[in-house]
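A quick write-up on the structure given underneath.
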Amino acid sequence: MGRDSTSTKETISDALEVLEAHPDYRIIRRIVPRERYAESEAGMLLKAAIVDTETTGTNHDQDKIIELGMVLFEYDPETGQAYRVLKTFNELEDPGFPIPPEATAVNGITDAMLAGKRIDDVAVEAFLEGVSLVIAHNSAFDRVFLEKRLPMFERLHWGCSLSQVSWREEGIGSAKLDYIAFQNGLFYEAHRAEADCVALLEVLQQPLPKSGELALKAILKQSSEKSYRVFAIRSPFESKDLLKGRGYRWDAERKCWHHTVTGAEAIKSEVAWLKDNVYDGRSVELEFEVLDGLTRFSSRPGKKVMKQI
């Protein structure tokens, strides 16, 4: 029996090698949770947490978290290399109202699974002790939900694997996590919180196709810099298409276009572009919102300043 099993594995392994070497085929492998990504090296290792939430919907004001998953791991802040996976967390929570069918269709979570369940706040606090960075795949979604339900997340620095990695520039056509995993020859059962966290850590330990650096390293570089949201106040109406093409978004409440860039050089370049292309070289006063890891991706505002350009 044992010999037959070994023989079967060897046959499968040989077949996979042949297929991987053939230009007409690709092999994708199931993501299996790891306890370690590399042997420990000398130097300072920090702790980070991958987080993911499943919710009743996408409205931060009305919808609720129904599942929280987390993976805690050690990493080298210079290289982005992960080492030990320290522990995982996954808990469900009853939102107090029936789960919309469209939510269950995505994540498979039912009312019966949630009945009487509640995320343990104390356990979450203990899990996050000593964490230097929290990462989610679309932190602008998860962070707002988590800060509303678990205010302890306000005290932590956040990064985002969706917006802080240049997936398209690296030649990956979609930033959806399951697609990125597929492009790295991996697959998993998506849309359950802990499984998504495990998959994201695996993806962040893959070298990016063009730069060759680990995806986690790209996040660390972005997270170490401040971001600046610039508000093009009193911009001429005829500049709207130019601003939109540049990536500016319209704030209907403030009646103003705004755009966010990261890094001191980027904001200098943006201000110069605005002055030359939108304000025809005139000196104007603009509003800026300064964001760092404590406020980035949150609904809480950063520090706002006015500056003459």
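These figures come from a predicted structure and were not determined experimentally.
Surrounding CD of E285 are more than 12 heavy atoms belonging to other residues, nucleotides or ligands, all under 6.0 Å away. Counting heavy atoms of neighbouring residues, nucleotides and ligands inside a 6.0 Å radius, atom NZ of K47 exceeds 12 of them. In K307, the NZ atom is not crowded: 12 or fewer heavy atoms of neighbouring residues, nucleotides or ligands sit closer than 6.0 Å.
Within the structure, salt bridge (Lys or Arg N to Asp or Glu O under 4.0 Å) pairs that include any residue of residues 231-246 comprise R246-E270 (at least two apart or interchain). The list of salt bridge (Lys or Arg N to Asp or Glu O under 4.0 Å) pairs with a residue in residues 186-195, not counting sequence neighbours, reads R30-E189, E67-R192. Note on residues 144-161: pairs passing salt bridge (Lys or Arg N to Asp or Glu O under 4.0 Å), not counting sequence neighbours, are E93-R149, D121-R149, E125-R155, R143-E147, E147-R300. Residue pairs meeting the salt bridge (Lys or Arg N to Asp or Glu O under 4.0 Å) criterion with at least one member in residues 157-178: none, sequence neighbours excluded.
Using a 4.5 Å cut-off between side-chain heavy atoms of Ile, Leu, Val, Met, Phe, Trp and Tyr, with links allowed through other members, I66 and F141 fall into different hydrophobic clusters. Under the 4.5 Å side-chain heavy-atom criterion for ILVMFWY residues, no single connected hydrophobic cluster contains both V198 and L72.
The distance from the CD atom of E54 to the CG atom of D196 is 6.0 Å, given to the nearest 0.5 Å. Here L216 contributes atom CG and D76 contributes atom CG; the two are 9.5 Å apart, rounded to the nearest 0.5 Å. For the atom pair Y83 OH and Y75 OH, the distance stands at 12.5 Å (nearest 0.5 Å). Here the straight-line distance linking atom CD of Q205 with atom CG of L200 works out to 10.5 Å at 0.5 Å rounding. A distance of 9.5 Å separates CG of L46 from CD of E74, quoted to the nearest 0.5 Å.
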Residue pair V284, V278: steps toward the side-chain contact (heavy atoms from CB on, under 4.5 Å) verdict: CA-CA 11 Å; V284 296; V278 175; over 6 Å; no
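Screening M306, K255, H258 for a side-chain contact (heavy atoms from CB on, under 4.5 Å) with I233, the sole residue that qualifies is M306.
Residues Y37 and V85 are in side-chain contact: their nearest non-hydrogen atoms beyond the backbone lie under 4.5 Å apart.
Contact check on R254 versus E287 returns a salt bridge, with a Lys/Arg side-chain nitrogen under 4.0 Å from an Asp/Glu carboxylate oxygen.
Taking the six-membered ring where the residue is Trp, H259 and Y248 present tilted rings, their angle falling between 30° and 60°.
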List the atom pairs, donor and acceptor, that lie under 3.5 Å between side-chain atoms in residues 95-116 and the rest of the protein, sequence neighbours left out.
{"unit_1": "T104", "atom_1": "OG1", "unit_2": "I109", "atom_2": "O", "d": "2.8"}
{"unit_1": "N107", "atom_1": "OD1", "unit_2": "I109", "atom_2": "N", "d": "2.9"}
{"unit_1": "N107", "atom_1": "ND2", "unit_2": "A103", "atom_2": "O", "d": "3.3"}
{"unit_1": "T110", "atom_1": "OG1", "unit_2": "M113", "atom_2": "N", "d": "3.3"}
{"unit_1": "D111", "atom_1": "OD1", "unit_2": "I99", "atom_2": "N", "d": "2.8"}

Which atom pairs, one a donor and one an acceptor, fall under 3.5 Å between side chains of residues 179-188 and the rest of the protein, sequence neighbours left out?
{"unit_1": "Y179", "atom_1": "OH", "unit_2": "Q183", "atom_2": "NE2", "d": "3.3"}
{"unit_1": "N184", "atom_1": "ND2", "unit_2": "I180", "atom_2": "O", "d": "3.0"}

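Nearest heavy-atom pair across N90 and G69 is OD1-CA, 3.7 Å. Heavy-atom minimum distance, V131 versus L156: O-CD2, 4.0 Å.
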